[in-house]
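Counting starts at 1 for both ligands and their atoms, in listed order.
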Amino acid sequence: MTLTTKISGWGRYLAHDAYVIKPSCLSGFKAQLLDQASLIARGMGRSYGDSANSDIILQTTYCNHFIAFDKETGILTVEAGVTLREILKITVKHGWFLPVTPGTTFVTVGGAIASDVHGKNHHIAGTFGQHVVSMNLLLGTGEVVTTSCSKLHDLFHATCGGMGLTGVILTATIQLSKIKSTLIVQNTIKAKSLEEACELFETNITASYSVAWIDCLSTGPQLGRSVLMFGEHADIGGLHLKIKDPITLPIMPGPVMNHITMRALNCAYWIKAKHNTKLCVPLLTYFYPLDKIANWNKFYGEPGFVQYQFVLPKAEGIGNMRKILTHITQNGGGSFLAVLKQFGKANNNLLSFPIEGYTLALDFKISPSTVALLHRLDDMVAEMGGRVYLAKDAMMKEDTFKKTYPKWQEFEMIRKKYGASGKFMSLQSKRLGLT
Ligand SMILES: Cc1cc2nc3c(=O)[nH]c(=O)nc-3n(C[C@H](O)[C@H](O)[C@H](O)COP(=O)(O)OP(=O)(O)OC[C@H]3O[C@@H](n4cnc5c(N)ncnc54)[C@H](O)[C@@H]3O)c2cc1C
């Protein structure tokens with residue numbers, strides 16, 4: 001089944017007319033792959049920019065079968081179009097949770113591998129790709145290969161974080177993590193500044209999960225005041241998971257998120273958070289607060305928004321983070337949703353985003369000044385030895401990408417070796433010079 005339709009990333013910025021192919025089995029994938037000059041796989045379209053967009057899109061969400069689940073070992077094999085939400089519905093009641101999870105369940109396994117997604121436990125567990133036992137990949141030649149850390153390992157390390165540019169992930173086997181309860185013991189601590197927040201990350205380095213909401217609209221000494229939430233899986237409370245469908249809120253004419261509403265929301269959030277409290281919260285509340293609302297990405301109005309996520313190396317990170325935040329506030333940017341996390345060591349995946357340091361994600365409503373501001377931020381991040389997350393990127397320039405992802409040439413060689421060059425391309429890959 002095929003359809004031409006307007007497609008954009010989750011930020012709704014730069015919609016593009018795409019011819020969408022929706023095969024529901026491998027032979028369908030193969031036939032289309034050999035038929036088309038070039039295409040890109042697309043899962044749930046939760047990447048914010050144009051990484052899952054091209055003239056021709058191979059929609060994977062119709063290949064969403066569970067293949068095997070061992071309740072004793074927590075080893076799960078699924079088709080790549082299965083979502084994390086669908087996995088949780090099946091595995092949590094048997095005491096198995098995702099080893100690494102992004103902030104939404106509306107993500108496919110293929111998308112999670114292709115972006116090598118990270119969660120609130122990167123400092124302990126690394127990325128999603130580090131828990132993939134093996135996967136089956138459809139190459140540009142039409143051949144299907146199995147790849148893992150030990151089998152065709154060059155292809156494996158290019159595919160985890162490879163943004164769909166090495167082939168189509170068909171199935172994946174993942175090692176899940178054991179849990180005893182669906183509750184999270186959440187320890188909330190308020191930090192009066194960015195420096196205090198980073199100190200708290202350091203002193204709580206053994207916490208299983210850590211994340212900070214950061215007020216990026218306050219200035220001066222209060223710049224970066226934060227609410228940190230450390231989490232541990234509880235031992236008590238049992239395994240109960242009620243996943244409800246998200247609600248769709250009415251959208252008012254014009255953007256709901258403007259400078260006044262954002263400032264008010266930031267102040268309200270800071271005041272509401274209770275310092276030094278420990279309480280048990282449901283796992284869904286701790287990990288996926290945004291999943292309660294289906295259409296929150298429309299609150300920024302018609303031109304859409306960009307989520308800008310960058311990482312800065314730990315060594316000089318805090319001072320540099322302050323410089324970037326200052327630049328943002330001085331230039332009228334900033335968002336309600338600003339999230340700070342710590343990253344542990346980088347892995348061997350060639351285009352994987354995390355490097356040891358601090359990462360900040362903020363939303364920017366699209367306006368005439370946004371593009372110039374983000375290009376300036378790109379330059380600052382690159383000069384500081386950091387990089388921008390490809391799953392969120394919508395406008396990075398080719399030279400910035402090549403400077404900040406130094407393994408891109410090795411990546412291109414592996415793509416050539418396995419018949420992916422010229423076959424798997426997205427609007428993003430063309431913009432970044434990966435062809
Ligand atoms: C609310 C929200 C919270 C988020 N939180 C986090 C977070 O905490 N951490 C994090 O790391 N990310 C986070 N993300 C980003 C998200 O996890 C990634 O963008 C993820 O890749 C989206 O998966 P998807 O199925 O929607 O893939 P898409 O957006 O459809 O595609 C993303 C990339 O994966 C490729 N791809 C998809 N399926 C396949 C396949 N079968 N084979 C080969 N390539 C494929 C596409 O070509 C594209 O390059 C968040 C996104 C949202 C909207």
Side-chain angles (χ1 to χ4, degrees), residues 7-12 18 20 23 26 29 33 39-54 56-64 78-86 98 100-122 126-129 135-140 158-172 209 211 246 287-297 305 307 309 311 337 339-341 343 351-354 359 361 363 389-394 420 424-429 432 434:
I7 295 281
S8 66
W10 187 244
R12 301 172 70 240
V20 183
L26 174 61
F29 273 127
L33 182 76
L39 42 72
I40 195 74
R42 182 181 177 93
M44 291 292 282
R46 252 45 180 201
S47 48
Y48 283 78
D50 50 1
S51 69
N53 210 345
S54 70
I56 301 171
I57 284 170
L58 203 54
Q59 185 73 48
T60 63
T61 40
Y62 296 86
C63 280
N64 60 349
V78 289
E79 288 184 335
V82 167
T83 63
L84 303 186
R85 198 172 184 83
E86 287 158 347
L98 298 160
V100 166
T101 179
T104 174
T105 55
F106 293 104
V107 161
T108 62
V109 167
I113 297 173
S115 295
D116 203 14
V117 299
H118 56 270
K120 298 175 173 66
N121 57 350
H122 185 271
T127 61
F128 195 87
M135 60 184 145
N136 284 351
L137 192 69
L138 175 62
L139 301 181
T159 301
C160 295
M163 305 308 290
L165 301 174
T166 58
V168 183
I169 302 160
L170 297 172
T171 64
Y209 300 100
V211 64
F287 289 106
Y288 315 110
L290 288 170
D291 278 0
K292 289 184 178 144
I293 302 170
N295 57 341
W296 67 263
N297 63 333
F305 71 103
Q307 183 164 102
Q309 182 171 1
V311 56
L337 203 86
V339 174
L340 183 69
K341 288 181 203 158
F343 278 162
L351 297 190
S352 191
F353 167 63
T359 178
D363 292 348
Y389 190 14
L390 296 179
K392 314 259 172 110
D393 156 58
F424 300 106
M425 285 196 280
S426 60
L427 296 185
Q428 179 185 54
S429 75
L432 300 180
L434 300 172

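- Close approach of ligand 1 to R42 (heavy-atom distance below 4.0 Å) involves ligand atoms 30 (O).
- Between the side chain of Q309 and the main chain of A361, no donor-acceptor pair closer than 3.5 Å is present.
- The option with the heavy atom closest to atom 22 (C) of ligand 1, from among Q59, Q309, R46, M44, is R46.
- When the heavy-atom distances from atom 21 (O) of ligand 1 to S429, G43, G11, S115 are ranked, the shortest goes to S115.
- Summarising the geometry of C160 relative to G129, their closest heavy-atom pair is SG-CA, 4.0 Å, with the distance given to 0.1 Å.
- At a 4.0 Å heavy-atom cut-off, ligand 1 touches K341 through the side chain alone.
- Counting heavy atoms closer than 4.0 Å to ligand 1, residue V117 contributes atoms from both its backbone and its side chain.
- In this structure a side-chain-to-backbone donor-acceptor pair under 3.5 Å is present from Q428 to L390.
- The closest donor-acceptor contact from the side chain of N297 to the backbone of W10 lies under 3.5 Å.
- Contact atoms of ligand 1 toward T60: 41 (N) (distance under 4.0 Å to a heavy atom of the residue).
- Using modelled atom types, one side-chain atom of T104 and one backbone atom of F106 make a donor-acceptor pair closer than 3.5 Å.
- Taking a cut-off of under 4.0 Å to the non-hydrogen atoms of S47, the atoms of ligand 1 that pass are 19 (O), 22 (C), 28 (P), 29 (O), 31 (O), 32 (C).
- Distances shorter than 4.0 angstrom do not occur between any heavy atom of G81 and any atom of ligand 1.
- Remark: distances from the non-hydrogen atoms of G45 to ligand 1 include one below 4.0 Å.
- Taking every heavy atom of M163 and a limit of under 4.0 angstrom, the matching atoms of ligand 1 come to 47 (O), 49 (O).
- For D291 (side chain) and T105 (main-chain N/O), a donor-acceptor pair under 3.5 Å exists by modelled atom type.
- Close contacts between ligand 1 and V168 involve ligand atoms 42 (N) [criterion: under 4.0 Å to a heavy atom].
- Counting the atoms of ligand 1 from 1 in the order shown, those under 4.0 Å from a heavy atom of W296 are 1 (C).
- Taking a cut-off of under 4.0 Å to the non-hydrogen atoms of Y389, the atoms of ligand 1 that pass are 10 (C), 11 (O), 12 (N).
- Comparing heavy-atom distances from atom 42 (N) of ligand 1 across L39, L84, I169, T159 singles out I169 as nearest.
- Nearest to atom 52 (C) of ligand 1 by heavy atom, out of W10, Y48, F29, is Y48.
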Item to complete: Using the side-chain contact (heavy atoms from CB on, under 4.5 Å) rule, take L39 and I57 through it: C-alpha gap first, then chi angles, then the decisive distance, then the call.
Response: CA-CA 6 Å; L39 42 72; I57 284 170; over 6 Å; no
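- Near A391, meaning under 4.0 Å from any of its heavy atoms, are these atoms of ligand 1: 19 (O).
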